[in-house]
Amino acid sequence: MAKITYIEHNGTEHVVDVPTGLTVMEGARDNGIPGIEADCGGACACSTCHVYVHPDWVDKLPPVESMEEDMLDFAYEPDPKRSRLTCQLKVSDALDGLVVQIPEKQI
């Protein structure tokens with residue numbers, strides 16, 4: 001289990017325990033976190049699970065792969081350093097404490 005903090009655009013925080021092996025997107029979906037739409041169901045075929053990773057966590061995550069990078073081009077106001085698709089972040093003990101901010105909207 002990893003404790004993940006999802007911060008809505010309006011500042012509302014949701015701290016949830018996400019089982020190891022799920023993705024950060026599945027943790028949001030399973031816990032009803034608003035703002036993570038995940039239209040493609042986690043296939044990295046859209047950008048509707050886009051978040052901004054807290055600066056303290058950017059270098060602790062696995063690098064962005066080419067398919068995720070391509071999809072981030074379609075995200076709402078992507079940040080070249082902090083934007084990630086939560087469907088591509090597999091939960092492990094190493095992600096315990098991860099903080100992500102949800103953008104104003106998903107497109």
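Note that this is a predicted model, so its numbers are computed, not measured.
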When rounded to the nearest 0.5 angstrom, what distance separates CE in M25 from OG1 in T23?
4.0 Å
Which atom pairs, donor and acceptor, lie under 3.5 Å between side-chain atoms of residues 28-45 and protein residues at least two apart or in another chain?
unit_1: N31; atom_1: ND2; unit_2: G27; atom_2: O; d: 2.7

Nearest atoms (heavy-atom pairs only) where E26 meets L22
OE1-CA, 3.2 Å
Can I102 be reached from M71 by stepping across I, L, V, M, F, W or Y side chains whose heavy atoms are under 4.5 Å apart?
no
Could you check whether Y76 and E104, counting side-chain N and O atoms only, form a donor-acceptor pair closer than 3.5 Å?
yes
Within this structure, what is the CD-CE distance for the pair Q88 and M67, rounded to the nearest 0.5 Å?
5.5 Å
Give the cluster check for V99 versus V51: same hydrophobic cluster or not, with ILVMFWY residues linked at side-chain heavy-atom distances below 4.5 Å.
no
Just verifying a value: how many Å separate R84 CZ and L61 CG, rounded to the nearest 0.5 Å?
5.5 Å
Between V24 and Y6, is any pair of side-chain heavy atoms under 4.5 Å apart?
yes
What pairs of residues pass the salt bridge (charged side-chain N to carboxylate O under 4.0 Å, His left out) test when at least one of them lies in residues 5-25, not counting sequence neighbours?
K3-D17
Measure from the side-chain N and O atoms of E68 to the backbone N and O of L85, and report whether any donor-acceptor pair falls under 3.5 Å.
yes
hydrophobic_cluster_shared for V91 and V64, side chain cutoff 4.5 Å:
no
Backbone of Y52 reached by a side-chain donor or acceptor of S83 within 3.5 Å:
no
Are more than 12 heavy atoms from other residues, nucleotides or ligands located less than 6.0 Å from atom CG of N10?
yes
Would a single hydrophobic cluster contain both L72 and L89, if residues Ile, Leu, Val, Met, Phe, Trp and Tyr are joined by side-chain heavy-atom contacts under 4.5 Å?
no
Would you say that R82 contacts Q101 through its side chain, given a criterion of any heavy-atom pair below 4.5 Å between the two side chains?
yes
Could you check whether any side-chain N or O of T48 sits under 3.5 Å from a backbone N or O of I107, counting only pairs where one atom can act as donor and the other as acceptor?
no
Output yes when a side-chain donor or acceptor of S47 lies under 3.5 Å from a complementary backbone atom of H50, and no otherwise.
no
Interatomic distance, NZ@K90 vs OG1@T20, rounded to 0.5 Å, equals 10.5 Å
So if you build clusters from Ile, Leu, Val, Met, Phe, Trp, Tyr with side-chain heavy-atom gaps below 4.5 Å, do V58 and L98 land together?
yes
